[in-house]
Amino acid sequence: MRDPSPTDARMTVISQPSGSPVLRRPLTRRLLATLAATALALGLAAPAAAVAAPTATPTPSATANAAPVLAVAPAANGILRSGDALTATATRANPSGGSALSASAVALSIGTQALADDTALTRWLDGDATGVTLQQIATGILDATPSGSQASTTFSVPATDAAVAGRPAGVYPLLARTDDGLSALSVVVVTADGGTPTPLGLVVPITASPMTRGLLTANELVDLTAVDGPLSAQLDAVDGTRATLAIDPAIVASIRALGSSAPPTAVAWLQRLLSLPNERFALQFGDADLASQLRAGLTAPLAPTSLQSYMTASDFTQPPAVASPSPDPSATPGQPTLPDLATLLDIGSATPSVYWPASGSAGADTVAALGGQGTVDAPTRVLVPSSTVAGAGEAVPANASVGGVSTPVYDAEVSAALTRAAGENDTTRRGGDLAAALGYLSFARAANGDRPVLAVLDRGTDRSRGSLRATMTAVTTAPGFTGTTLDAIAGQPASAISLVDAAIDGTRVDDVTNLVADEQVIDRFATILEQPDLLTGRERAEVLQVLSVGWTGDAARTAVSDHRAATQTTLNAVGILSSDFRLVSSSAPLRPWVRNDLPWPISVVLAVRPDDARLRVQDRTPVEAQASANTRVEVPVEARLANGEVSVALQLYSPTGEPVGAPQVVDVEVRAEWESIGLIVVIVLVVVFLSVGVIRTLARRRRVAAGQEPEPTPDDEPADGRAPAEGDALDDPTNAPDVDATDVNAPDVNATEESHP
């Protein structure tokens, strides 16, 4: 129920006598898409009145140009039973930014005759009042309405009033119109007592808002599974009903992938989901768009491959095993056990091979392609709306087949009205949508008799607990119906039908093509990892989320663009860091870096290719690069005797030969001759010094032999024991020994040699 606004004004008015004339003034038709006032100069001739105004108008945006909107809704979701008074509420909303509205009279009128069929009902709700005759049954006053507020008034027509009493069963048009030209449309459903109830099946999605990440985070799950969270509201709405649940397996996988780190509210929510007795089937992961995938040329819808990258081993460490007489030999106490993909995606006891394409997107080609995904034990079922059935009259069988493939058909009008009501938080506007839904159900029952009717609560976001519960209550308590399940409907004999060609969103098909092509590049790139599915599994999960049917319009384009940009960032996460290099010796290592921004270690091969024969390199060098780090690589390089610049191309490859990252080119300045020239210079100097020494030694000995220079003696050697060098005292003539002095120790050269006998 809507929270009352401080500025709301409510009053109850007593009806005028039946047969009072209808107010005669031009009406205004308000378009749902624009909420703009479009003048319709339709004269009202008594007793007939041609009217045009929408019955369910979204809350106008808070802009200066937003127009006020009138809504009307009968009580009890439009159901009027014999002996009940007719009660209805009219609400005038004045959006923020508009001018204040003065008080205004409002009149309530009802059709004198029931609408003929659901086509007439659609025309009425769309604003076409052809053939409709109205009579005014009550009036009221809407108080002055400031900007950003709304005013309401309630009409009550006694059951004894001639305008109410004795009305035959049927769906009657209802009109509310103000003095200032606003009008709103709805219907009243007068029920008939007795009769066999018609089976009514309802499919309800259990989904989260669309996202681009593969799985929900812990913080997101906290918000979604809180007491007042959207996922909790969905379970509250279906609890106690026979609705068939269409569950997005990405939600349960998000909870299980967190292991012991999963929020307690999320764990409790999952336990509650699994304990519900409702029949269920799994949507595609992320509720991805099925039709676009098949039209893009895929032979089967995409499916998740691995979710291991979202799991942390420490969240799955088992406690030590309790000693038992026969322990499990395969169990390792204290070691983490990660759940497999099937366990992560398990939604409980579910019907397999059930597909629910986005409403109106599936044609015969889509049904045929999905039909091949089933098995003998689990045949395919494809849910389609009645609006896509070719040549459909008033009665569209709920259980049908297209080309031998089971195609349960849900009532498009009923489903659309229920979906609008579930997303409407304003009580009056929601009541108008529910009245329309029950009006369509009334015609469906009349057309199908005892055959079942199927409806869906289509996908949607931002649905409040009150709106969901009110919608579920209205459909599950609809008079003349009894709840049934999708399995029960599909188990009945099928009627062959054909489908009209579905509209093709070419942009969406192109998105699928581009995303699949990017994924194939990621698959090749991931071979640098020891476990490639850490990367490929994450990419597949994100692709499926980006293809969710919840993404539409510009938001879908943005989601795809952002994901493709993120994919390119991943591909650029590994590369080479290098700079120009000068080689001044015949051999030295080339030392580039391998950059790895991925959170996992990688194995790559660095290929080096010079463009000149002056440089010889090791062409392939294996590299083990650490996670989120730069790793230095040494590549042996040998230069031949030559100078100049050599361009060297560097490229990383995966172990399987796939190129990784962008190629790099570095310039190596080769100065290999410098080393040889330096060595030659040193050798020449050594030879020169040795030659000079030898020459000096030989020259001295010649002088000694010629008597020009005495033979050096030990006493002539310097005190430090080194040989006298050139310039020492022996070579100084002033220090030469006096040959005329008598040396007592010197031999007498003039003495006669002693002869021996």
Problem set entry | Residues forming a side-chain hydrogen bond (donor to acceptor under 3.5 Å, both in side chains) with Ser628, sequence neighbours excluded | none
For this session: Among residues two or more places apart or on two chains, list those pairs meeting salt bridge (charged side-chain N to carboxylate O under 4.0 Å, His left out) that have a residue in residues 504-519.
Result: Arg508-Asp511, Asp511-Arg557, Asp518-Arg564, Glu519-Arg540
Problem set entry | With Asp340 via side chain to side chain contact (heavy atoms under 4.5 Å, CB included) - residues at least two apart | Ala342, Thr343
For this session: With rounding to the nearest 0.5 Å, note down the distance linking CZ in Arg632 to CZ in Arg591.
Result: 4.5 Å
Exercise. Does anything in residues 522-538 pair up under salt bridge (charged side-chain N to carboxylate O under 4.0 Å, His left out), and if so which pairs, sequence neighbours excluded?
Worked result: Arg524-Glu658
Pairs of donor and acceptor atoms involving the side chains of residues 302-312, under 3.5 Å and at least two apart or interchain, shall be tabulated with distances.
residue, atom, partner, partner atom, Å
Ser306, OG, Gln308, N, 3.3
Ser309, OG, Leu534, O, 3.4
Tyr310, OH, Gly214, N, 3.4

Exercise. For the atom pair CD1 (Ile347) and CG (Leu245), what is the distance rounded to the nearest 0.5 Å?
Worked result: 8.5 Å
For this session: Please list, chain by chain and in numerical order, all residues satisfying side chain to side chain contact (heavy atoms under 4.5 Å, CB included) with Ala218, sequence neighbours excluded.
Result: Leu258, Pro263
For this session: Decide yes or no for Leu383 and Val354: does some side-chain heavy atom of the first lie under 4.5 Å from some side-chain heavy atom of the second?
Result: yes
Exercise. What pairs of residues pass the side-chain hydrogen bond (donor to acceptor under 3.5 Å, both in side chains) test when at least one of them lies in residues 255-267, not counting sequence neighbours?
Worked result: Thr225-Thr265, Ser261-Asp315
Exercise. Knowing that exactly one of Thr527, Val574, Val594 qualifies, which makes a side-chain contact (heavy atoms from CB on, under 4.5 Å) with Val660?
Worked result: Val574
Seminar exercise, completed: Rounded to the nearest 0.5 angstrom, the CG-CG distance for Asn630 and Leu577 is 5.0 Å
Problem set entry | Heavy-atom donor-acceptor pair, Ser361 side chain to Pro357 backbone, under 3.5 Å | no
Problem set entry | pair Leu231-Gln234: side-chain heavy atoms closer than 4.5 Å | yes
Problem set entry | Under 3.5 Å donor-acceptor, Thr388 side chain and Val384 backbone | no
Exercise. Within a strict 4.5 Å, meaning less than it, do heavy atoms of the Gln545 and Pro210 side chains meet?
Worked result: no
Exercise. Which residue pairs satisfy the side-chain hydrogen bond (donor to acceptor under 3.5 Å, both in side chains) criterion with at least one member in residues 345-357, sequence neighbours excluded?
Worked result: Thr351-Asp487
Exercise. Can you tell me if Ser654 uses its side chain to pair, donor with acceptor, with the backbone of Ile528 under 3.5 Å?
Worked result: no
Problem set entry | Option from Asp289, Val512, Leu515 for which side-chain contact (heavy atoms from CB on, under 4.5 Å) with Val546 holds | Leu515
Seminar exercise, completed: Only residue of Asp248, Asp287, Thr207 satisfying side-chain hydrogen bond (donor to acceptor under 3.5 Å, both in side chains) with Arg459 is Asp287
For this session: Only pairs at least two apart or in different chains count here, so list each salt bridge (charged side-chain N to carboxylate O under 4.0 Å, His left out) that has a residue in residues 596-610.
Result: Arg595-Asp597
For this session: Find the distance between CG (Leu273) and OG (Ser232) and round it off to the nearest 0.5 Å.
Result: 11.0 Å
Seminar exercise, completed: Applying side-chain hydrogen bond (donor to acceptor under 3.5 Å, both in side chains) to Gln271 and not counting sequence neighbours gives none
Exercise. So, do Pro622 and Leu606 sit near enough that their side-chain heavy atoms are less than 4.5 Å apart?
Worked result: no
Problem set entry | Side chain proximity check, Trp600 to Leu535, heavy atoms < 4.5 angstrom | yes
Exercise. For Arg272, does the CZ atom sit with more than 12 other heavy atoms under 6.0 Å from it, leaving out its own atoms?
Worked result: yes
For this session: Report yes if some heavy atom in the side chain of His563 is under 4.5 Å from a heavy atom in the side chain of Gln568; otherwise report no.
Result: no
Exercise. Does a side chain donor of either Ser647 or Asp667 reach within less than 3.5 Å of an acceptor in the other side chain?
Worked result: yes
For this session: Starting at CG of Leu224, measure out to CD1 of Ile251 and round the result to the nearest 0.5 Å.
Result: 7.5 Å
Exercise. Who pairs with Gln284 by side-chain hydrogen bond (donor to acceptor under 3.5 Å, both in side chains), at least two apart in sequence or on another chain?
Worked result: Gln293
Exercise. Hey, does Val648 have a side-chain heavy atom less than 4.5 Å from the side chain of Val608?
Worked result: yes
Seminar exercise, completed: With sequence neighbours left out, the residues meeting side-chain hydrogen bond (donor to acceptor under 3.5 Å, both in side chains) with Glu220 are Thr217
Exercise. Side chain of Ser548, backbone of Gly286: donor and acceptor closer than 3.5 Å?
Worked result: yes
Seminar exercise, completed: The reported gap from CG in Leu590 to OG in Ser578 (rounded to nearest 0.5 angstrom) is 8.0 Å
Problem set entry | Test item: Thr570 side-chain N/O and Ala566 main-chain N/O as donor-acceptor pair under 3.5 Å | yes
Problem set entry | Modelled atom types, side-chain donor and acceptor of Glu624 and Ser603, under 3.5 Å | yes
Problem set entry | Between Gln618 and Thr621: side-chain donor-acceptor atoms closer than 3.5 Å | yes
